[in-house]
Number of protein chains: 2
Amino acid sequence: MYAVAMTPARGDHEARRAEVSAAVWRVLTERGFAGLTLRAVAGELGATTGLLTHYFPSKRALLRYALDLLDEAHAARPRPHAEAAGPDAEGLAALRAALLDILPLTPESAAGSRIWVSSWDAALADAELAGDHAARYRRARSRMAEFAAAAQRRGELRTDRTPQDLAGAAQSFVLGLVVQALFAPEEFPPERQRSLLDAYLADLAPDRVGSASSA
Amino acid sequence: MYAVAMTPARGDHEARRAEVSAAVWRVLTERGFAGLTLRAVAGELGATTGLLTHYFPSKRALLRYALDLLDEAHAARPRPHAEAAGPDAEGLAALRAALLDILPLTPESAAGSRIWVSSWDAALADAELAGDHAARYRRARSRMAEFAAAAQRRGELRTDRTPQDLAGAAQSFVLGLVVQALFAPEEFPPERQRSLLDAYLADLAPDRVGSASSA
DNA sequence: TAGTACATAACAAGCGTTGGGTATGTACGC
DNA sequence: GCGTACATACCCAACGCTTGTTATGTACTA
């Protein structure tokens, strides 16, 4: 339950930190990094900056924790696409599910995407944040590379590319689609995002022989 | 000539504004948007904030002008890829050239990419800036859609997709590749960016019969 | 009584912006 | 050719405000 608990079991330190992080997310989606101030976060929380400094030593620490938590929450959340593909989906279905999970197909995931895109500026200017991001994307890539390798073994993906190239290319495609969808949501509605992704994946199928024959 | 003229022909208003914009670019590449202050720009220029306010009514105006000028400069710059493909290249070659021009293949274009990615946060929080960006990307997409349509007519691209879908997908792919290259430059060196793009375009070829893709 | 969980208030630093001051031009009547 | 008049191009100093951070006070809990 994500109810807006007034006070979360006084003394529950970790829950309070999570609540603060959620307030950070809200501020980021609404005002971007330029609008992320301690007072804005506190206001979003109905509290004062004194609360924030009680739980976090600095603004940077607060931000890193919020981003970490967002990433974890994304990884741990119920995944409609992954489950639709079956909990132990392998190969192409798993790859497709992983890619779909990145796209801003719902308002909530759009808010999350918005935060990640926004965080790129801060990250590129801060070595530590950049390292966090690089690690995150690398991890996602290697996970997808495993799916791609399995898909190749199953004959679902063309084998004239390495799984790493397939994963890197697919992640590129999806990340770029996220950006475009954020800037032109009416031009890239969920259905089109899905169809573009499926078209992309269809082109990665192994060469079919004789499907349309001509000399 | 891009010499660092000490004073650009006193009275040359526009040249000064361009110089200021260049200083903005430098600050953005080095410190990101969080570090973009009038004092930083002035310091980069060896001047004071008085100079800036003399040429621009506000910081926002200064930023918009700098981004506009960066976009124009990109569009007008000598294009090695476009020229290699021939000045009047059409179809797939033109599309490939346009896509290559977006990738951060050189340190200079990497700096430009860095600025654009950084600007996404500010843009997503500012309707006017977001409009500028959306217009820019839309324009680029429609240009590429024309190339794609020509390529289809020439039999260079598969025809079971609309030119708009092909352009949108290609731009997504390239934008995402830009992001990944910025965060993991050692993993996405220029050669790999190029080969990933070429692999992507190869998959968009019309279905070939019987010729397993040579690789 | 001790400690946690805050609110409150103040701090110095830095921000965008403003306005006054000062050179350095250009225009023009003489 | 020269002095006056005015505009341009800046520097400099200061304004009011916001920022992250710190210190202090206070209520509640155990």
Side-chain angles (χ1 to χ4, degrees), chain A residues 4-24 26-28 30-67 118-119 121-122 125-126 128-129, chain B residues 4-24 26-28 30-67 118-119 121-122 125-126 128-129:
Chain A
V4 222
M6 210 54 198
T7 325
R10 182 176 243 277
D12 194 340
H13 202 82
E14 210 47 46
R16 203 50 145 177
R17 282 166 66 98
E19 249 192 42
V20 171
S21 295
V24 171
R26 263 172 278 146
V27 172
L28 282 179
E30 286 160 22
R31 313 189 218 179
F33 264 76
L36 181 70
T37 70
L38 295 188
R39 283 164 180 83
V41 174
E44 188 73 34
L45 216 65
T48 66
T49 65
L51 184 150
L52 303 181
T53 63
H54 182 65
Y55 289 97
F56 297 95
S58 73
K59 182 186 179 181
R60 253 182 55 90
L62 165 57
L63 174 62
R64 285 194 72 186
Y65 186 82
L67 290 180
S118 292
S119 75
D121 169 48
D126 183 309
E128 220 167 15
L129 289 179
Chain B
V4 221
M6 210 55 197
T7 326
R10 182 174 242 277
D12 194 340
H13 202 81
E14 212 46 49
R16 203 47 145 181
R17 282 166 66 98
E19 252 192 40
V20 171
S21 295
V24 171
R26 264 172 276 145
V27 172
L28 282 179
E30 286 159 23
R31 311 188 219 180
F33 265 76
L36 182 70
T37 69
L38 295 188
R39 285 164 179 83
V41 174
E44 188 73 34
L45 216 67
T48 66
T49 65
L51 185 149
L52 303 180
T53 62
H54 180 66
Y55 289 97
F56 298 94
S58 72
K59 182 186 178 181
R60 253 181 56 89
L62 165 57
L63 174 62
R64 285 193 73 186
Y65 187 81
L67 291 180
S118 292
S119 75
D121 170 45
D126 183 310
E128 221 167 15
L129 289 179

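Values in this document were obtained by computation on a predicted structure and should not be read as measured data. For the numbers below, each heavy atom of this structure counts, side chains included, while hydrogens, waters and symmetry mates do not.
Between the CG atom of A:L52 and the P atom of C:dT8 there is a distance of 14 Å, given to the nearest Å. One can place CZ of B:R17 at 14 Å from P of D:dT8, the figure rounded to the nearest angstrom. Between A:E19 atom CD and C:dA5 atom P the separation is 13 Å, expressed in whole Å. Distance B:H13 NE2 to D:dT8 P: 9 Å, rounded to the nearest Å.
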Polar pairs (N or O, both sides) under 3.5 Å between protein and nucleotides 19-23 of chain D?
residue	atom	partner	partner atom	Å
D:dG20	OP1	A:K59	NZ	2.6
D:dG20	OP2	A:L38	N	3.0
D:dG20	N7	A:R39	NH1	2.9
D:dG20	O6	A:R39	NH2	2.9
D:dT21	OP2	A:K59	N	2.9

Discussion item. I'd like to know whether A:R16 forms a side-chain contact (heavy atoms from CB on, under 4.5 Å) with A:H54, so could you lay out the CA-CA distance, the side-chain angles of the two residues, the decisive distance to 0.1 Å, and finally the verdict.
Written reply: CA-CA 11 Å; A:R16 203 50 145 177; A:H54 182 65; over 6 Å; no

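Looking at every heavy atom in both residues, A:L129 comes nearest to A:A122 through CD1-O, 4.1 Å. Contact detail for A:Y55 and A:R17: the closest heavy-atom pair is O-NH1, 2.8 Å.
For the side-chain contact (heavy atoms from CB on, under 4.5 Å) test with A:V24, the passing option among A:L52, A:L67, A:L62, A:L45 is A:L62; the others fail.
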With a cut-off of 3.5 Å and sequence neighbours excluded, list every side-chain donor-acceptor pair involving residues 31-44 of chain A.
residue	atom	partner	partner atom	Å
A:T37	OG1	A:A40	N	3.0
A:E44	OE2	A:R26	NH1	3.3

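A:R16 has no side-chain polar atom (N or O) that falls below the 4.0 Å cut-off from OP1 or OP2 of C:dT4. The phosphate of C:dC6 has neither OP1 nor OP2 within less than 4.0 Å of any side-chain N or O from A:H54.
Side-chain proximity of B:L51 to C:dA5, D:dC10, C:dA7: nearest is D:dC10. The B:Y55 side chain lies nearest to D:dA9 when the options are D:dC11, D:dA9, C:dC6.
Between the CZ atom in B:R64 and the CG atom in B:D126 there is a gap of 8.0 Å [rounded to 0.5 Å].
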